[in-house]
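Since the structure comes first, as structure tokens, the remarks are kept for the end.
Just so it is clear: chains get the letters A, B, ... in the order the sequence lines come, proteins before strands, and each one is counted from 1.
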Amino acid sequence: MPFDALNDVSDEALLIAYGNGDAEAARALTLRLTPKVLGFAARMLGGDRAEAEDVAQEAMLRLWRQAKDWRQGEARITTWLYRVVSNLCTDRLRKARGVGIDTVPEPEDGSPGAAEGLQQAARAAALEHALAELPDRQRQAVILRHIEGLSNPDIAQIMDIGVEAVESLTARGKRALAAKLGPKREELGYEDG
Amino acid sequence: MAEKKPLDDAELDGLFAAARGTAPQPSAELVARVLADAEAERAAIASAVPPRRRGRVASALAAIGGWPAAAGLATAAVTGLMIGFVTPDALEDLSGAYFTASGYQLEDLLPSYGDLLGEG
């Protein structure tokens, strides 16, 4: 099947095709899912790129291994992957306790030169620093809800908690972020309120 | 303490949007690593597929040791047939010489043979 033709195929159909030996399906899934997995892992790990890449590779490997046993319709592949990444990151964060906030690298400047691009980069960096100071569960819930854009029921499934607990975690996380970043309002390009 | 006022929701949303816009993209090396894993696992899945059920001929062959054993069996059978039909002179001379030289008759070698004939 030509590669372009796979753009409209669902993740699940691609995974099943992969399980049946289709190499092109693996390529399509890799290009589609690795950015999501890597982005989430990098945010969960406070921007540690090398660590995030290892987590992304491991999560995708677990997906390949799951292919032949995948139970159709039971869970969305992205939800399943976010859950795997969450667990992997939580394990690594537990082992790496004590890593200071100063070790969080500045994000790479995606489009240097443009003032707007610089401001976006500054805002993303400030948010990343503030996120890294949150308790793990709050950080995870805020990232999944407000950056990855998942629904509360999906997050509940990923974090293995109730929807109300998700709402509580995101609300507390957002309050904490707003308080931490308030003093940086001007740096972030916001008018004094 | 005006400068300590927390960000409002719209300002926070602006930060989240900035974070979405600066998501790290996977390097070519990471994509290659993930694809290599996919290929290795695909090979593992393919080799783990159970063998097809054997047919009757294949089962019989497997029972005697496969095609080499069947070839040996066929050779032996053809050789036996050939010996039976052709009866090489050397073989007859050997058995004939043995019987006459020893003075034995067939009855001596198979004592019940005559009785069997007598009983009809």
* To do: Work out which heavy atom in A/Tyr190 is nearest to a heavy atom in B/Leu15; give both atom names and the distance.
  =>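 Smallest interatomic distance, heavy atoms only, reads OH-N, 3.7 Å.
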* Asked: Which atom names give the shortest non-hydrogen contact between B/Thr22 and A/Ala121, and what distance separates them?
  ->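 Answer, listing the atom of B/Thr22 first, then A/Ala121: CG2-CA, 4.4 Å.
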Do any of [range] come closer than 4.5 Å to chain B, heavy atom to heavy atom, and if so which ones, in number order?
range: residues 34-42 of chain A; answer: A/Thr34, A/Pro35, A/Leu38, A/Gly39, A/Ala42
range: residues 141-159 of chain A; answer: A/Val142, A/His146, A/Ile147
range: residues 169-177 of chain A; answer: A/Lys174, A/Leu177

* So does A/Arg32 have more than 12 non-hydrogen atoms from other groups sitting under 6.0 Å from CZ? ->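 Count over threshold, so yes.
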* How long is the span from the NZ atom in A/Lys68 to the CD1 atom in B/Ile45, to the nearest 0.5 Å? ->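 Spacing of NZ (A/Lys68) from CD1 (B/Ile45) equals 6.0 Å.
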* Quick one: what part of A/Asp54 sits under 4.5 Å from any heavy atom of chain B, side chain, backbone, both or neither? ->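 Contact with chain B: backbone and side chain both.
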* Is there a side-chain contact between A/Leu188 and B/Glu11, using heavy atoms and a 4.5 Å cut-off? ->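 They are not in contact (no side-chain heavy atoms under 4.5 Å apart), so the answer is no.
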* Is the shortest heavy-atom distance from the side chain of B/Arg33 to the side chain of A/Met60 under 4.5 Å? ->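 B/Arg33 does not reach A/Met60 side chain to side chain.
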* Is there a donor-acceptor pair under 3.5 Å between the side chain of A/Arg123 and the backbone N or O of B/Leu12? ->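 Between the backbone of B/Leu12 and the side chain of A/Arg123 there is no qualifying donor-acceptor contact (under 3.5 Å).
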* Are the side chain of A/Arg49 and the backbone N or O of B/Pro24 linked by a donor-acceptor pair below 3.5 Å? ->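 Answer holds: no.
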* Asked: Does A/Tyr18 belong to the same Ile/Leu/Val/Met/Phe/Trp/Tyr cluster as A/Ile77, with side-chain heavy atoms less than 4.5 Å apart forming each link?
  ->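 Yes, same cluster.
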Distance-only criterion, 3.5 Å: show the donor-acceptor pairs between side-chain atoms of residues 34-41 of chain B and protein atoms not counting sequence neighbours.
unit_1: B/Asp37; atom_1: OD2; unit_2: A/Gln57; atom_2: NE2; d: 3.1
unit_1: B/Glu39; atom_1: OE1; unit_2: B/Arg42; atom_2: NE; d: 3.2
unit_1: B/Glu39; atom_1: OE1; unit_2: B/Arg42; atom_2: NH2; d: 3.2
unit_1: B/Glu39; atom_1: OE2; unit_2: B/Arg42; atom_2: NH2; d: 2.8
unit_1: B/Glu41; atom_1: OE2; unit_2: A/Arg65; atom_2: NE; d: 3.2

* **Choice from A/Gln120, A/Lys180, A/Glu58 maximising heavy atom contacts with chain B below 4.5 Å** =>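 Most heavy-atom pairs under 4.5 Å with chain B: A/Gln120.
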* With respect to chain A, which residue among B/Gln25, B/Glu29, B/Arg20 yields the maximal number of heavy-atom pairs within a distance under 4.5 Å? ->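 Top option by heavy-atom pairs under 4.5 Å: B/Arg20.
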